[in-house]
There are 2 protein chains.
Amino acid sequence: MKYSIFTDDQKQAARFAKAMGHPVRMYVLELLNKQSCCYSGDLTDILPIAKSTLSQHLKELKDAGLIQGEIEGPKVKYCINRENWQQAQQLFQNFLNY
Amino acid sequence: MKYSIFTDDQKQAARFAKAMGHPVRMYVLELLNKQSCCYSGDLTDILPIAKSTLSQHLKELKDAGLIQGEIEGPKVKYCINRENWQQAQQLFQNFLNY
DNA sequence: TTTATTGTTCGTTATTTTGCGAACAAAGAT
DNA sequence: ATCTTTGTTCGCAAAATAACGAACAATAAA
């Protein structure tokens, strides 16, 4: 048990914010949130970055808990992690509106 | 004029998010948003970081446009930049809720 | 059973971030 | 006029981030 002057909510919000702090990741999140899901390859076609770079960004979003990937044959289908997304909504709403 | 597949909103949201992506900065923003304003020194007393480090974080928040500092004698009074804060509210609300 | 397709991991490089203490500048207090 | 107080800037070190291509593993297609 370690002490910190920061609340868990602050730390969690910062973690989410950090993951959102890059245009590519913002783009991906927005896409996934509007559409249902999508394959990594679709993104590679759209985004002007190497596939390895995209993979890294997706990993960061996954580590932050904002998305999840499901293996589907040779592809990976990525979706928003709805549970954590809801938590992010809560946190940012509370944060921004008071 | 440079082209980008990212919208201005996406880039702006990412900029805001990046600035919020650290517990110290999250803490400061929350404090300033709840209280009216505060002096840098008050934060130095609370936060477990060197004053030079705090100054850096404040600078980042200022560069991102989320706060503003007003010199008041030998002190500096920091406040939320309400105009940009409102923009952040808009952006994140749109982003998170669809 | 080769050959494609798909996406991750590895190795590398360049840049940015985080953090500190020391030095500095500006304003107030003595 | 000197000494405090306050906060920024500088110089530095360590760690994290961002990006790429090459190599790799897994699955599907030939």
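The interatomic distance linking B:Lys77 (NZ) with C:dA26 (C1') rounds to 19 Å, in whole Å. Rounded to whole Å, the distance from CG on B:Leu58 to C1' on D:dT9 is 14 Å. Atom CD in B:Glu70 sits about 14 Å away from atom P in D:dT8, given to the nearest Å. Remark: C1' of C:dT9 and NZ of A:Lys59 are 10 Å apart, rounded to the nearest angstrom. When rounded to the nearest whole Å, the span between CG of A:Leu61 and P of C:dT8 equals 12 Å. Remark: P of C:dT5 and CG of A:Asp42 are 16 Å apart, rounded to the nearest angstrom.
For A:Tyr78, the ring pair (Phe, Tyr, Trp, His ring centres under 6.0 Å) test picks out no residue, with sequence neighbours left out. A search for disulfide bond (SG atoms under 2.5 Å apart) contacts involving B:Cys38 returns nothing, not counting sequence neighbours. Remark: A:Ile46 pairs with A:Tyr27, B:Ile5 by the side-chain contact (heavy atoms from CB on, under 4.5 Å) rule, at least two apart or across chains. Under the side-chain contact (heavy atoms from CB on, under 4.5 Å) criterion, B:Lys51 pairs with B:Thr44, not counting sequence neighbours. Shown here are the side-chain contact (heavy atoms from CB on, under 4.5 Å) partners of A:Asn97, two or more places apart in sequence or in another chain: A:Gln93, B:Gln89.
The phosphate of D:dT8 has OP1 or OP2 within less than 4.0 Å of a side-chain N or O from B:Tyr78.
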In 5'-to-3' order, the base (B), backbone-only (S) or no-contact (-) status of each nucleotide in nucleotides 17-30 of chain D, using a 4.0 angstrom heavy-atom cut-off, is SSBBBB----SS--
Stepwise ring pair (Phe, Tyr, Trp, His ring centres under 6.0 Å) test for B:Trp85 and B:Phe92 = CA-CA 11 Å; B:Trp85 187 266; B:Phe92 281 100; 9.5 Å; no
